[in-house]
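Not measured: the values here are computed from a predicted model. Proteins get letters first, then strands, A, B, ... in listed order; numbering begins at 1 in each.
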Amino acid sequence: MEFRRAELANGLEIIAECNPAAHSQALGFFVQTGARDEADDIAGVSHFLEHMLFKGTPRRSADDVNRQFDEIGAHYNAFTSEENTVYYAAVLPEHQTACVDILADIMRPSLRTEDFDTEKQVILEEIEMYLDQPPYGMDDYIKRLCFGEHPIARSVLGTADSITALSAQQMRGYFEQRYSPGNMLVAAAGNVDFDKLVADIEERCGGWERFDANRELPGAKVQTAFESVEQSASNQQYILQLGLAPAGQDADRYAAKLLASIVGDDSGSRLYWELVDPGVAETASLGHYDYLGIGMFYGWIACSPDDTEECLTRAQKIYQQVQAGGVTAEELAQVKNKVKSRVVLASEKPRSRLFNVGGNWSTNREYRTPKDDLRAIDDVTESEIRAVLDKYPLTEQAVVSVGPRKIVV
Amino acid sequence: MAVRFNRLTAPLQAYFVPSPQRTHRLANGLVLLGEVAPSFDSVAFSFLVPSGCVYERDEEEGLASLTCEMVLRGAGSRDNRALVTDLENLGVERSENVGVSQVYFGGSTLADSLPPALEIYADLLRRPRLPATELESGKAVCLQEIRGVEDDPDQKLMSALRRRHYPSPWGRPSHGREESLTPLTIKDVERYYNSHYGPKDTILAVAGSFDWDRLVEQVERLFGDWKSPAANGQVHTGAQPADRHLPYESGQSHIGIAFPSVSYRDPDYFQAWSAVGVLSGGGSSRLFTEVREKRGLCYTVYASLQTQLDRAAVFCYAGTTAERAQETLDVTMAELLKLADGVTPEELSRLKARIKSSLIMQQESTAARSSAMARDWFHLGRVRPVSEVSAIIDAVTAETINDFLRRNPPRDFTIMTMGSAPLEMPHGIS
């Protein structure tokens, strides 16, 4: 595997992990924009805009975009997070240029008003769909509760009200502030012809004008709180827990990820043995999520409403114990074996390498091989995990319960 | 050196080298399948054990799942915790799934971990402890799953649709019902294990980096003296549900539609599968275009062909807000009926491009390779090399699909809805 990098005069960077032995390739545009870059009056615009990029360009109708992706057998999609909007496709190497042509073209969309009006209905359907299933919108709610006015707490979807009120003109304004070639990245992985990729991108994107697209990175403070929200349509009770954790640029993020796995992996973790294995909870997990300048420990429990207090008590006890006593050498050895195997398994697919390589570069301007990740995991010590616990106590969380019961603690 | 694909017009067959797949039958009936691909660091294995939920009696629905859950709670020299811990230390990413005919036990791991992982799986399948002390926990886990489905509207609806569409017990959901699970005892679990876990009709498929001869030797040693239970293949028919609307307190409506199709071993399977691919799959497929892109009626709409050994059906789903549900149902039904008029050569050529990249990308996953081999053996009694699949796909044309659709137009629909109010059914729909 070989890492390559190029940059156009307008600031558009192109990176690739080239693996001639791969059968396929994956490539994508990583735009550094998301919910954290929005204001109240345009809440949800990043995600809505992501949909609109598939609605056509001066050269292509919406039908053309979908049809031409299908003609090259592309597995294509896009997603929007709090801080990134990513458009990607996996294709056979023979279709590299055709794929670049479509992806680059849709990055300069027409944003026609009639398409905007039709797609608004799909967005509203999507919002309704999420509100109708666990955790019933409480994922947005707990971010606000925990991080207050910090931009990371903004909702990716927005609300039915903010989307209904949004105009095509506001979306165009947002696009013109965020989709600068200097604020995006072309990343590729797998069987990639890099020189051809750079030439093809230069031809299609070299004329894009660069402008400033800034992002604020304020510090964050956690509000510890407990709230219970009633949701009569729900059968199970859901408990969300959110706290501060190492950020995407922090060296201790590997220690944080191993800690989260020891405490709350889907299988074999402390939460698993205390809550899931005995059938007290349907699921119980803790994950580490990192962003620019901020990170989160995010816990999630689903249980029978009658068992809510029992689950809360057991989970709190686990957090207190690990906070007081740290992790054991056996736990650390086991989690390293588990996580390292996952790194190797994931590294075999160009599609998963794309997100790893593109994500790392977006956050840190750093290329890491799977071997680098394996080494970073191996190097984590018990005392580094201790240090993460001291800096980001698992016991300092915002907690929200949602379900048929009102919970009092 | 790089393999360069520059043959846009080349038949799909030209992309694949002859398959290195291997087969070994144990005297007791267990079949071992292997595909050695040394370029991988990983290896994946799939066990299919003929202990699915169609062998349950109606009043013990959920027993197959409970038995699977209990098999994992300690085996051989290991208790529940040691079993999970040792597999994690071997880096095994495992998963289990209880289907109608079979239970799947599978895992992916690093090449060196395969032999010790198989030792543990031999204990698990042959020497589970089935500890009575773990029964309540195992049952609680199964009950949690049932409650979880209640909060997952599309799964709940599609599960009910399957049950109504297929003759009992072939539409039975494996998670069972609370009232049938609750009274089950450890004796029931032992009985189910003793009658349905054995080498006859069990398939083990392995793909990735491993030595075939050593694998054969190890599997003979681990499973060669495993004995099959006495005759165990009887399925138990239960009641057929009649409801076609599930009341659900929500602003959303969920629509499920099923119609019969042909199973994997039918010579027409790839015609049927291609027709469904035109309906749903890519961004230019008919359902996505007509229901979502043109009209903005919903976020999710799809159709997929699901096959059992002796029967198959196409299942469609659309989720929408209550006010737009009737239009969504009408537009979706119109597309299903219109399929009988045939597909166009352009649609087929897009479909083939997607199939081609899917088949090739599947080769990048040892887990996909091992489960495809196991599935082939179950349905066909042999492994169909990817080169043969390619030849079949190359031979599919718009005419062959349309000939199939003339003989088998979408009909005999089963429709289920879920939401605050039932919808008006199209004329002549059960």
For each of K340(A), E126(A), E71(A), tally heavy-atom pairs with chain B at distances under 4.5 Å, and name the one with the top tally.
-> E126(A)
Under 3.5 Å, is there a donor-acceptor pair linking the side chains of E93(B) and S341(A)?
-> no
Is the backbone of Q236(A) close enough, under 3.5 Å, to the side chain of D151(B) for a donor and an acceptor to pair up by distance?
-> yes
CG of L345(A) to CG of D41(B), rounded to nearest 0.5 Å, is 9.5 Å
Side chain from CB out, backbone as N, CA, C, O: work out which of these in L297(B) comes under 4.5 Å of a heavy atom of chain A, or both, or neither.
-> backbone
Count the heavy-atom pairs under 4.5 Å between each of G138(B), G282(B), S39(B) and chain A, then report the option with the highest count.
-> G282(B)
Please confirm whether the backbone N or O of G283(B) pairs with a side-chain atom of D70(A), one donor and one acceptor, at under 3.5 Å?
-> yes
Residue by residue, scan residues 114-121 of chain A and write down, ordered by number, those that have a heavy-atom distance under 4.5 Å to chain B; if none do, write 'none'.
-> T118(A), E119(A), Q121(A)
Find out whether H254(B) and D132(A) are in side-chain contact, i.e. whether some heavy atom of one side chain is under 4.5 Å from a heavy atom of the other.
-> yes
Nearest heavy atoms of A140(B) and P278(A), plus distance in Å = CB-O, 3.8 Å
For S357(B) and G73(A), indicate whether the former's side chain and the latter's backbone hold a donor-acceptor pair under 3.5 Å.
-> yes
For R286(B), the salt bridge (charged side-chain N to carboxylate O under 4.0 Å, His left out) test, sequence neighbours excluded, returns E347(B)
Side chain, backbone, both or neither: which part of T321(B) has an atom under 4.5 Å from a heavy atom of chain A?
-> both
With chain B, which of V276(A), D277(A), V65(A), N19(A) has the greatest number of heavy-atom pairs at distances under 4.5 Å?
-> D277(A)
Can you tell which of T320(B), L143(B), T289(B), V92(B) has the highest number of heavy-atom pairs within less than 4.5 Å of chain A?
-> T320(B)
Which answer fits A281(A), side chain, backbone, both or neither, if we ask what part of it has an atom under 4.5 Å from a heavy atom of chain B?
-> backbone
Any chance NZ of K349(A) has more than 12 other-residue heavy atoms, nucleotides or ligands included, within less than 6.0 Å?
-> no
Any donor-acceptor N/O pair, Q144(B) side chain to V280(A) backbone, under 3.5 Å = yes
With sequence neighbours excluded, residues passing salt bridge (charged side-chain N to carboxylate O under 4.0 Å, His left out) with K196(A) | D200(A)
Answer key: most heavy-atom pairs under 4.5 Å with chain B among S347(A), G268(A), A302(A), C303(A) is G268(A)
Would you call E94(A) and K356(B) a salt bridge, using N to O less than 4.0 angstrom?
-> yes
Would you say the side chain of N80(B) lies within less than 4.5 Å of the side chain of W273(A), judging by non-hydrogen atoms?
-> yes
Considering only heavy atoms from C-beta outward, does the side chain of R354(B) approach that of H75(A) to under 4.5 Å?
-> no
The salt bridge (charged side-chain N to carboxylate O under 4.0 Å, His left out) partners of E96(B) (sequence neighbours excluded) come to R94(B)
When you check the side-chain N and O atoms of S365(B) and E348(A), is any donor under 3.5 Å from an acceptor?
-> no
Residue among A74(A), A62(A), P350(A), A333(A) with most heavy-atom pairs under 4.5 Å to chain B = P350(A)
Distance-only, no hydrogens or angles: does the E364(B) side chain make a donor-acceptor pair with backbone N or O of S24(A) under 3.5 Å?
-> yes
Locate the shortest heavy-atom distance separating E125(A) from Y299(B); write the atom from each residue and the value.
-> CB-N, 4.0 Å
Beyond-backbone contact of R147(B) with N235(A), side-chain heavy atoms, under 4.5 angstrom = no
Choice from E136(B), R324(B), E346(B) maximising heavy atom contacts with chain A below 4.5 Å | R324(B)
Looking at R292(B), Q252(B), E249(B), which one has more heavy-atom pairs under 4.5 Å with chain A than the rest?
-> Q252(B)
Among T85(B), N89(B), V141(B), L87(B), who wins on heavy-atom pairs under 4.5 Å with chain A?
-> N89(B)
Side chain, backbone, both or neither of S358(B) within contact of chain A (heavy atoms, under 4.5 Å) | both
Tell me, side chain or backbone of R81(B) under 4.5 Å from chain A's heavy atoms, or both, or neither?
-> both
Donor-acceptor pair, side chain of E293(B) and main chain of D63(A), under 3.5 angstrom | no
